[in-house]
K.L.:
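The structure's right below; bear with me while I get my questions together.
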Protein chains: 4
Amino acid sequence: MQVKKEQVRLSLLKKAEKEFLEKGFKNSSLRKIVKSAGTTIGNFYNYFENKETLFEELVEEEYNNFLELIEKHNDEEGIEEFLDTEDLQKYREVLSEIIQNIIPVFSEKFVLLIEGSEGTKFEGTKDIIIKLLKDHFIEHIQKYESKIMDLEMAEITAEQFLNGIILIVKKYKDKVLRHRLITEHILFYISGMMAIIGK
Amino acid sequence: MQVKKEQVRLSLLKKAEKEFLEKGFKNSSLRKIVKSAGTTIGNFYNYFENKETLFEELVEEEYNNFLELIEKHNDEEGIEEFLDTEDLQKYREVLSEIIQNIIPVFSEKFVLLIEGSEGTKFEGTKDIIIKLLKDHFIEHIQKYESKIMDLEMAEITAEQFLNGIILIVKKYKDKVLRHRLITEHILFYISGMMAIIGK
Amino acid sequence: MQVKKEQVRLSLLKKAEKEFLEKGFKNSSLRKIVKSAGTTIGNFYNYFENKETLFEELVEEEYNNFLELIEKHNDEEGIEEFLDTEDLQKYREVLSEIIQNIIPVFSEKFVLLIEGSEGTKFEGTKDIIIKLLKDHFIEHIQKYESKIMDLEMAEITAEQFLNGIILIVKKYKDKVLRHRLITEHILFYISGMMAIIGK
Amino acid sequence: MQVKKEQVRLSLLKKAEKEFLEKGFKNSSLRKIVKSAGTTIGNFYNYFENKETLFEELVEEEYNNFLELIEKHNDEEGIEEFLDTEDLQKYREVLSEIIQNIIPVFSEKFVLLIEGSEGTKFEGTKDIIIKLLKDHFIEHIQKYESKIMDLEMAEITAEQFLNGIILIVKKYKDKVLRHRLITEHILFYISGMMAIIGK
DNA sequence: AATGAATGAGGGTTCATTCAT
DNA sequence: AATGAATGAACCCTCATTCAT
C-alpha cells in the first residue's frame with residue numbers, strides 16, 4: 001500500500017516545521033508530528049534518520065543561504081554610502097530596496113534556525129550571527145564615525161537587531177507588511193546607533 | 001544525617017533558579033534540581049508543595065514589585081518633561097537617575113518571570129507588560145508629537161524594548177555596568193522612536 | 001520479539017479486569033497489570049490511551065446495555081401484573097423468565113461499573129441506579145398497596161437489592177446457579193418488602 | 001513544649017477514624033490524618049507504632065465486643081421462641097427490644113472493622129462474621145422449619161444481612177432512626193427468609 | 001513503503017517510615 | 001514530647017528509538 005513517497009516526506013516536513021516553530025526542537029513530540037502528518041512512527045524512520053535529521057533537513061538550506069548572504073555582503077562594500085545621507089525619506093527608499101533582496105532569507109525556517117534549534121547541531125547559529133553582526137557594527141562605526149563603539153552595546157544591539165527581525169517574521173505573515181516593518185526596524189536601529197555614538 | 005533546614009531550602013531555591021533560568025520552567029527537571037542541591041526527590045516535597053510552587057516562590061516577590069512599579073509610574077506624570085530636551089548629555093543624566101530607582105526590579109527573578117514562566121500561572125506576564133508598554137508608547141507619542149505611531153511598530157518596539165532589558169540582565173551581572181547599559185538601551189529606544197515618527 | 005497485537009491487547013484487558021475487580025480502579029497498579037500481562041509500561045500506551053481509558057473500554061458496552069435495559073423497562077408496564085399472584089411457585093416461574101432476559105446485564109463488567117469505578121467518569125453509576133430503583137420501589141408500592149413506603153427503607157432496600165446482585169455475580173460464576181440465585185434474591189426482596197409494608 | 005499527652009492521642013484517633021471510614025485503611029494517608037489532628041508525622045510515631053497499629057487501636061475493642069456478643073448469643077437459646085409468632089406487630093416489638101441490647105455493637109468502629117480493614121490483620125473479619133451468620137441461619141432454619149436452606153442463599157443472605165447493617169450505620173447517624181431502621185432491616189430478612197424456604 | 005509492538009529512561013508526585021535534634 | 005529532614009519505592013505517564021513483520 002504505497003503512497004507516493006515525496007508526498008509523505010513533504011507532509012512530514014511541513015508538520016514538523018509547524019511543531020518545531022511552536023515548541024522548539026526539544027519540546028516537539030515526534031509522535032505528534034508523525035500523527036498530524038498522517039503516517040506512523042515506524043514509517044518516519046524510513047524517511048529520516050531521526051528527529052534531529054528531520055530538523056536539519058528543514059533548516060540546512062536556510063543556513064547555507066544565510067552564509068552566502070553574509071559572504072556576498074562582505075564583498076559588497078558600498079552599501080553604506082547610500083545610507084550616508086541626511087534625507088530620511090531617501091534613506092527609507094534605499095533601505096527598502098536593499099532589504100528587498102535580503103528578505104527572502106528571513107523566513108520561518110530562519111526563525112527555526114535561530115530560535116528553535118536548541119538541542120541540535122545548529123544551536124550555536126544565533127551566537128554566530130550575533131558575532132558577525134557585532135563585528136560588522138563595530139567596523140562600520142569605526143570607519144564612518146572615528147569613534148569606538150561600546151563593546152557591550154555593540155553586542156546587545158546586534159542581538160536585539162536579530163531578535164527584532166525574528167519577532168517580525170514570527171508575528172507577521174503578510175509579505176508586504178513584513179517588508180515594511182523590517183525596513184522600519186532597520187531604520188530604527190540605525191537611528192538608535194547614531195544616537196548612542198553621539199552623532 | 002540532617003542538615004539545617006534553611007540550608008537545604010536555600011540550596012534548592014538557588015539551584016532551581018539556575019535551572020529555570022537556563023531551561024525555563026517546563027523543561028527543567030526537578031530530579032536534576034534536587035540532585036544538584038544535594039538532596040532527594042522525596043525530601044524536596046518536604047520543602048515545597050510542588051514544582052510550580054517552587055517557581056512561584058522564586059518569582060512572586062518580583063512580580064509584586066513590578067506591579068507596584070507600574071502603579072507608581074502611572075501616578076508620576078511629568079517624567080517626560082525632563083526628557084523633552086535637546087541636550088543629549090543632559091538626557092542621559094536624567095535618565096540614569098530615573099533608572100537608578102527602577103533598576104532593582106530588573107533582576108534575575110524578573111528574567112525568570114518574563115522568559116521562564118511558560119507552564120506556570122505567570123506565563124502571561126510578558127504579554128501584559130508588552131501591552132502596557134505599547135499603550136504607554138502610543139500615548140506619549142500622541143501627546144508630544146501629534147502623530148499617530150504605527151500600531152505594529154508600537155507593539156514590536158514594546159516587545160523589543162522589554163527583550164533588551166532582559167538581555168542585559170541575563171548577560172551582565174555587574175550592577176554598575178548593567179545600569180549603564182540599561183540607560184543606553186533606553187536612550188537607544190527613545191532615539192529610535194523619534195526617528196520612526198520622523199522627528 | 002513481537003507478539004500478535006490482539007493477543008497482548010486481550011491479555012491486558014483480561015488482567016486489568018482481574019486487577020480492577022479485586023482492587024477497584026484507584027487502587028489498581030498499572031505496573032502490576034502490565035507485568036502480569038507480560039509486557040511493559042511503555043508498551044501499554046501503544047494499546048490504550050491511559051489507565052482510565054483501559055477501564056472505560058472494559059465497562060463502556062456494559063454501561064450502554066444497562067441504560068438500554070432501563071429504557072426498555074420503563075416502556076414495559078405490566079410486568080407487575082404477573083407478579084400480583086398468591087401462588088409463590090407461579091411467581092418464581094414468571095420471575096425466572098423475566099430475569100432470563102435481564103441477566104446478561106449482570107456480568108463481571110457490571111460489577112466493575114458499580115463497585116470498581118471510583119476515580120473514573122463512571123463513579124456515579126451506582127448512585128444513579130440506586131435512585132432509579134428507589135423511585136421504582138416507591139412508585140410500585142404506592143400503586144398496589146396504597147401505602148407510602150418509608151423513604152429511608154426504600155433507599156436502603158434499593159441499595160441492598162443492587163448489592164445482592166453484585167454479590168451473587170461476584171461469588172458465583174456458573175450461569176445456571178447465578179440465574180437461580182438472582183431469582184431467589186429478587187423473590188426475597190419482594191417478600192421482604194411486602195412484610196415491611198405490612199401486607 | 002508539651003501538650004497533654006492524651007489530647008494529642010485522642011485527636012489522632014478521632015481524625016484517623018474519620019479518614020479510615022472515608023477511604024479505608026489502605027487509601028488513607030497518614031500525612032493527612034496527622035495534619036488534620038494538628039500534629040506532625042514524627043510525633044505520630046511517639047504515640048503509635050505505625051499506621052496499622054493506629055487502626056488496630058481504633059478497632060480492637062469493637063472486635064472484642066463483637067466476639068463477646070457472638071458467644072453470649074450462642075448461649076442464649078430461646079430468643080427465637082419469641083419470634084415464632086404470627087403477629088407481626090408483636091414481632092416488631094420483641095425484635096426492637098432485642099436489638100436495643102445489640103445495637104451498641106453496630107458503631108462506626110464496627111463499620112471500620114468490616115469495611116475499612118483491608119490491608120490490616122482484621123481484613124478477614126467480615127468473612128468470619130458472615131460464616132457465623134450463615135451457620136446460624138442454617139441451624140435455625142433446620143430447627144424450626146425442617147427444611148434445608150439452600151447453602152448458597154444462606155451465604156448470600158448472611159452477607160447481605162451484614163451489609164445492610166453496615167449500610168444503615170454508615171448512612172444514618174441519628175440513634176433513634178438507626179434503631180428503627182435496623183429493626184426493619186432484620187424484620188425484612190426474617191420475612192425474606194421465610195419466603196425463600198417456602199413457609 | 002509501511003505498520004505499530006517493544007523497550008527503557010525519564011518526567012512529576014505521594015507515600016510510610018526512620019531518625020537526628 | 002515534638003519537630004520535620006531524609007529516604008526510597010511506588011504511582012501514572014511521555015518520550016525517541018529499534019525492529020520484526
Side-chain angles (χ1 to χ4, degrees), chain A residues 1-5 7-9 26-35 38-52 54 119, chain B residues 1-9 26-34 38-52 54 119, chain C residues 1-9 26-34 38-54 119, chain D residues 1-5 7-9 26-34 38-52 54 119:
Chain A
M1 203 183 303
Q2 275 172 265
V3 183
K4 259 200 224 90
K5 195 181 160 173
Q7 203 171 311
V8 174
R9 185 184 175 74
K26 270 177 91 172
N27 278 39
S28 291
S29 162
L30 202 49
R31 283 166 147 77
K32 281 171 194 157
I33 291 169
V34 150
K35 197 170 189 179
T39 183
T40 60
I41 275 281
N43 200 29
F44 168 83
Y45 285 92
N46 286 322
Y47 291 92
F48 302 93
E49 208 179 303
N50 53 32
K51 191 186 175 187
E52 179 152 7
L54 171 63
Chain B
M1 201 181 303
Q2 257 167 309
V3 184
K4 251 189 233 97
K5 184 182 164 164
E6 220 38 42
Q7 205 170 310
V8 174
R9 185 185 174 75
K26 265 176 97 172
N27 279 42
S28 290
S29 162
L30 210 46
R31 278 172 161 78
K32 279 173 194 156
I33 291 170
V34 144
T39 184
T40 60
I41 275 281
N43 199 28
F44 167 84
Y45 285 92
N46 284 324
Y47 291 90
F48 301 93
E49 210 179 301
N50 53 34
K51 190 186 176 187
E52 180 150 8
L54 172 62
Chain C
M1 201 180 304
Q2 257 168 306
V3 184
K4 251 190 232 100
K5 186 182 164 165
E6 221 38 42
Q7 204 171 310
V8 174
R9 185 186 175 74
K26 267 177 95 172
N27 279 41
S28 290
S29 162
L30 208 48
R31 279 172 158 77
K32 280 173 194 156
I33 291 170
V34 145
T39 183
T40 60
I41 275 280
N43 198 30
F44 167 83
Y45 286 91
N46 284 323
Y47 291 91
F48 300 93
E49 213 179 297
N50 53 35
K51 191 187 176 186
E52 180 149 8
T53 310
L54 172 62
Chain D
M1 203 181 304
Q2 275 172 265
V3 183
K4 259 199 223 90
K5 197 179 159 172
Q7 203 171 309
V8 174
R9 186 184 175 74
K26 269 177 91 170
N27 279 40
S28 290
S29 162
L30 202 49
R31 282 165 149 76
K32 280 170 195 157
I33 291 169
V34 149
T39 183
T40 60
I41 275 282
N43 199 29
F44 167 83
Y45 285 92
N46 285 322
Y47 291 91
F48 302 93
E49 205 180 306
N50 54 30
K51 191 186 175 187
E52 179 152 8
L54 171 64

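Source: prediction; values computed, not measured. So you know, we letter chains A, B, ... as the sequences are listed, proteins then strands, and number each from 1.
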K.L.:
Would you give the length of the straight line joining atom CZ of C:Arg31 to atom CD1 of C:Ile41, rounded to the nearest 0.5 angstrom?
P.N.:
5.0 Å
K.L.:
Does D:Tyr47 make a side-chain N or O approach to OP1 or OP2 of F:dA2 shorter than 4.0 Å?
P.N.:
yes
K.L.:
What's the shortest heavy-atom distance between A:Thr40 and A:Val34, and which atoms?
P.N.:
C-CG1, 3.2 Å
K.L.:
To the nearest 0.5 Å, what is the distance between NZ on B:Lys32 and OG on B:Ser29?
P.N.:
5.0 Å
K.L.:
Round to a whole Å and report the spacing from CD1 of A:Ile33 to P of F:dC15.
P.N.:
11 Å
K.L.:
Treat primed atoms plus P, OP1 and OP2 as sugar-phosphate and everything else as base, then score nucleotides 8-15 of chain E 5' to 3': B for base contact with protein heavy atoms under 4.0 Å, S for sugar-phosphate contact only, - for none.
P.N.:
B--BBBBB
K.L.:
Quick one: OG on D:Ser28 to NZ on D:Lys51, what's the gap to the nearest 0.5 Å?
P.N.:
6.0 Å
K.L.:
Please give, in whole Å, the distance from F:dT17 C1' to A:Asn46 CG?
P.N.:
13 Å
K.L.:
Would you write out the dot-bracket form of DNA chain F, 5' to 3', with Watson-Crick and G-U pairs under 3.5 Å, [ ] for crossing pairs, | for pairs to other strands and . for unpaired bases?
P.N.:
.||||||||||||||||||||
K.L.:
Please round to the nearest 0.5 Å and tell me the distance separating atom CZ of C:Phe48 and atom OG1 of C:Thr53.
P.N.:
9.0 Å
K.L.:
Among A:Leu30, A:Val8, A:Thr39, whose side-chain contact (heavy atoms from CB on, under 4.5 Å) with A:Phe44 holds?
P.N.:
A:Leu30
K.L.:
When the distance from CZ of B:Phe48 to P of F:dA6 is rounded to whole Å, what number comes out?
P.N.:
12 Å
K.L.:
Looking only at side-chain N and O atoms, does A:Thr39 come under 4.0 Å of OP1 or OP2 in E:dT3?
P.N.:
yes
